[in-house]
Amino acid sequence: MAINKQEHAQWSSSFGFVLAAVGSAVGLGNIWKFPYMVGESGGSAFVIAYLFCIALVGFPILVAEWLIGRRGQKNPVNTFADVAASEGKSRSWTIVGATGILGGFLILSFYSVIGGWALNYITKVASGSFTGQDSDSVAATFDAMLASAGTLTIWHTVFMILTAVIVGIGVTSGIEKAAKILMPLLGVILFVIVGYNIMNGGFGEAVAYLFTPDMSKLTADVMLAALGHAFFTLSIGMGIMVAYGSYLGREVNLLKTARTVVILDTVIALAAGLAIFPIIFSNGLDPASGPGLIFVSLPIAFGSMSAGIIIGALFFLLITFAAVTSSISLLEPTVELLEERTSMSRTVSTIVASTVIWLLGIAALLSFNLWSEFTIMGNGIFDALDKITSKLLLPLTGLAAIVFVGWKMDQRSIQQELGLSNATWQLWQIVAKFIAPIAVIVVFVTSLMG
């Protein structure tokens with residue numbers, strides 16, 4: 001039973017909310033995953049597919065989750081229960097809020113491990129560890145880090161503490177304030193690295209690689225990869241945007257705000273490509289080197305560049321900032337749930353949630369070393385957590401949210417809340433009721449078969 005201890009928090013401004021939402025969306029998916037997926041999936045063909053999919057799938061689901069959250073003004077579990085009751089629907093929709101929170105909870109456990117890698121690499125690059133090193137030496141350094149349970153634990157712990165401190169301070173004083181500081185800094189670092197690339201070669205090749213249409217590479221696999229990434233990059237299906245929406249006032253225009261968030265998220269992802277690919281091309285490295293693009297390929301380049309120590313340290317600082325702005329959003333739904341449904345204060349709720357997530361993260365990082373032989377359905381703990389969330393919890397939760405808004409809620413009230421004309425409303429109906437749900441189902445079924 002919910003315990004009403006205090007008035008529900010609110011964002012202090014629309015600007016603060018936009019930065020927090022963009023900060024949640026702009027994470028390792030933009031700076032780490034997006035560039036290597038571009039490299040693996042045909043360059044500009046993937047970019048074109050991604051832009052198309054984020055407009056037709058990511059955007060409407062983002063709006064749907066904010067709308068539900070604002071209607072409920074509580075944690076995702078209570079929000080779905082209350083909104084369903086107000087619409088005369090079954091309270092079983094509460095499960096959607098629970099699966100969203102569970103997804104974010106599980107993701108943060110291994111996301112924090114990767115955030116710890118980025119923190120570790122700031123010190124490695126800044127100390128000149130990669131200067132003059134060849135590919136074998138850099139790869140060996142990465143492998144040695146993964147093999148050391150102690151090293152991974154230290155950096156995972158530091159990253160979780162940083163995340164917990166920000167969330168524990170509160171919505172406006174912690175999350176919103178952190179976003180107002182970290183997001184502009186992230187933009188400045190991206191600008192500096194892109195500016196360096198413009199002056200030092202490889203930039204024209206990177207622009208052509210990202211933006212010159214090559215429709216011959218636009219295969220079904222590329223479309224599915226783009227659709228999946230468009231769905232996950234906006235932090236939908238994790239309870240995050242429902243929780244963030246619960247702190248929204250009625251004066252905020254959801255469609256305009258979502259458009260701003262989607263544009264900024266996409267611009268930063270493309271800027272990350274312009275920060276990474278010129279370095280890759282100018283050093284003769286492979287853009288399709290997969291997840292190792294950031295932690296193996298780029299350190300090779302940084303080690304051979306005249307300003308490699310500075311650019312490299314800035315780059316991994318960028319990765320860390322992006323990871324932190326997302327990690328605080330991953331923790332928030334669980335903290336909000338504990339704070340509202342128990343007698344615990346926000347500080348205690350944060351400590352409890354963070355400790356349990358930290359412990360699960362320890363199990364995840366041990367799958368790279370001491371527990372490497374332990375598997376769950378053929379996967380180590382780290383990979384199992386990734387697959388359970390990305391292939392099951394997130395798509396199902398996102399699908400349920402858009403179905404709930406498109407098919408179960410009073411449509412006239414939604415049209416009024418979104419401020420849509422009759423013509424635009426018909427377009428919204430087509431996208432929300434058919435295109436977005438079908439696309440998510442396609443990704444879900446395909447991922448399970450893969």
Exercise for the section: Decide side chain to side chain contact (heavy atoms under 4.5 Å, CB included) for Asn197 and Phe281; before the verdict, give the C-alpha distance in whole Å, the side-chain angles of both, and the deciding distance to 0.1 Å. Expected result: CA-CA 11 Å; Asn197 289 336; Phe281 291 135; over 6 Å; no

Going by atom types alone, do [X] and [Y] pair a side-chain donor with an acceptor below 3.5 Å?
X	Y	value
Ser129	Ser127	yes
Ser282	Asn200	no
Thr397	Thr99	yes

Practice task
Quick one: pull up CE in Met145 and CG in Leu152 and give me the separation to the nearest 0.5 Å.
Solution key: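 Reported to 0.5 Å precision, the distance equals 6.0 Å.
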
With no hydrogens and no angle check, is any side-chain donor or acceptor of [X] less than 3.5 Å from a backbone partner on [Y]?
X	Y	result
Ser326	Ala323	no
Glu339	Ser345	no
Asn30	Asp265	yes
Thr266	Val262	yes
Glu65	Gly398	no
Ser367	Ala363	no
Thr257	Asn253	yes
Thr163	Ser327	no
Arg70	Val252	yes

Exercise for the section: Measure up the Phe17 and Trp11 rings against each other and bin them: parallel (under 30°), tilted (30 to 60°), perpendicular (over 60°). Expected result: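 Geometry flag for Trp11 against Phe17: tilted rings.
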
Exercise for the section: Would you please classify the geometry between the Trp358 ring and the His156 ring as parallel, tilted or perpendicular, with 30° and 60° separating the classes? Expected result: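 Rings of His156 and Trp358: parallel, as their planes differ by under 30°.
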
Problem - Residues, nucleotides or ligands: over 12 heavy atoms within 6.0 Å of Lys177 NZ - result: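 Open.
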
Practice task
Would you check, one step at a time, whether the test ring-ring contact (aromatic ring centres under 6.0 Å, His included) holds for Phe368 with Phe382?
Solution key: CA-CA 8 Å; Phe368 292 109; Phe382 186 99; 4.9 Å; yes

Handout entry: Qualifying residues under ring pair (Phe, Tyr, Trp, His ring centres under 6.0 Å), relative to Tyr121, sequence neighbours excluded
Key =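 Residues passing ring pair (Phe, Tyr, Trp, His ring centres under 6.0 Å) with Tyr121: Phe130, Phe295, Phe316.
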
Problem - With sequence neighbours excluded, residues passing salt bridge (Lys or Arg N to Asp or Glu O under 4.0 Å) with Lys387 - result: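 Counting only residues at least two positions away or on another chain, Lys387 forms no salt bridge (Lys or Arg N to Asp or Glu O under 4.0 Å).
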
Problem - Residues Met215, Ile48; criterion side chain to side chain contact (heavy atoms under 4.5 Å, CB included); working and verdict - result: CA-CA 9 Å; Met215 306 311 290; Ile48 292 170; 3.9 Å; yes

Practice task
State which residues pass side chain to side chain contact (heavy atoms under 4.5 Å, CB included) with Ala400; sequence neighbours excluded, sorted by chain then number.
Solution key: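 Per chain and number, Ala400 pairs via side chain to side chain contact (heavy atoms under 4.5 Å, CB included) with Trp93, Val96.
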
Practice task
May I ask you to decide whether Arg346 forms a salt bridge with Glu332, counting only side-chain N to carboxylate O separations under 4.0 Å?
Solution key: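 Between Glu332 and Arg346 there is a salt bridge, with a charged N closer than 4.0 Å to a carboxylate O.
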
